[in-house]
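Atoms within each ligand, like the ligands themselves, are counted from 1 in listed order. Everything numeric in this text was worked out from a predicted model, so none of it was measured.
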Amino acid sequence: MLEAARRLVIPSARSDVPPFMVMDVMAAAARIEAAGGRVIHLEVGQPAAPAPSSAIAAARAALTSGRLGYTETLGIPSLRARIARHYAETRGVPVDPARIVVTTGSSAGFILAFLALFEPSDRVAVAVPGYPPYRHILKALGCEPAAIQTTQATRWAITPEMLITVHRRTPLKGVLVASPANPTGTMMTAQALRDLIVAAQGEGIRFISDEIYHGLDYAFAAETAARLSDNVVILNSMSKYFCMTGWRVGWMVVPDALVRPIDRLQGNLAISVPTLSQIAAEAAFDGRAEMETVKHGYEENRRILIDGLPKVGLDKFLPVDGAFYLYADVSRFSSDSFEFAKRMLEETHVAATPGVDFDPIDGSKFVRFSYAGSAAEMHEAVERIGKWLAVI
Ligand SMILES: Cc1ncc(COP(=O)(O)O)c(C=O)c1O
């Protein structure tokens, strides 16, 4: 009987999504640290700085008041209004608060977006290299990710031509882009984003814009799809610019027709987003001056890596436009970026993420460095990597 019961518990095929290899790097780094080593963490895709002090103070006050109940499913109305105001203040774009949905990080936003927009077996285009959970969430929901291999020539972005070629071969229902992107840190120009939205909508392909790294742009200003169309789904988050990864708050801007379906989905899947985090998020928008200081730190880190890495032999990397990533070609030293990152960690105690997580084909040539840490760490990392590359 027991054996029969055990045999019943077979994981579903849809749960068979690949793990994040960066977790292996982090586990190896933790082992080095447990043995007394000092690791410089350039593998983590999260800010080292804390949330804005306004957010922390608001959360403290809310905790003291005691009761934290459920909130409205679409989010606390004053937070939705504050997010809408953020678009007006930072972009000069009017957004109706009624179209804003608060989510548990943008990660939950993807689930809601995909459920609201697609049927099982629908094909959705994503860029490769790209953030792996796009592909994995789509697969878990029964949709089919259509990976479009991007190239240097198009600043690692999907172009209208690429989209239409793939669509003509096997029809697409959606396309998802991120600018600034992870892992590449590259951005689409406003014109490129506009052209892609026009091309997608002309072909009946639904458009999803992941804007989680907005606010963290250095080369030029990142364009929001909110300016370009009311009929796209936008995802954003408090995680990166506002340094609030662990608070798990994000938001979506959705077309009118999707508000009620997403309300129903989120109500059933989660009831509401954690109340304490929503309260903190609303207050975080008053902490932008603090976050700009953090951003200036990233700018300095970016400068240190752009200057320093070529001097030690890593002179081929993608345009370092935004977010806090530098995607470096390490093929001069190794044809296996996983082994390269593993050895670099063991021998220099500098952790970075192998590109294979983001690009199953060409990723073996690339390593992603995150510059979300401190300037001192960036200097020391370049020095350690330089000494190591000189002898391998
Ligand atoms: C491109 C991109 N989108 C979405 C996410 C998900 O972030 P969160 O769920 O914290 O909003 C991440 C996290 O690293 C990311 O890099």
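Protein residues having a heavy atom under 4.0 Å from any atom of ligand 1 are Gly105, Ser106, Ser107, Phe110, Tyr131, Tyr134, Asn182, Asp210, Ile212, Tyr213, Ser237, Ser239, Lys240, Arg248, listed by chain and number.
Counted by atom type alone, Ser334 and Glu339 present zero donor-acceptor pairs between their side chains at under 3.5 Å. A donor-acceptor pair shorter than 3.5 Å cannot be found between the side chains of Gln191 and Thr189. Side-chain atoms of Ser229 and Asn231 include no donor-acceptor pair closer than 3.5 Å.
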**Message:** Test salt bridge (Lys or Arg N to Asp or Glu O under 4.0 Å) on Glu211 and Arg91; report intermediate values, then the result.
**Reply:** CA-CA 13 Å; Glu211 303 189 349; Arg91 306 307 171 99; 5.7 Å; no
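Using a 30° and 60° split on the angle between ring planes, Tyr371 and Phe324 fall in the perpendicular class, above 60°.
Applying the salt bridge (charged side-chain N to carboxylate O under 4.0 Å, His left out) criterion to Glu33, with sequence neighbours excluded, gives no partner residue.
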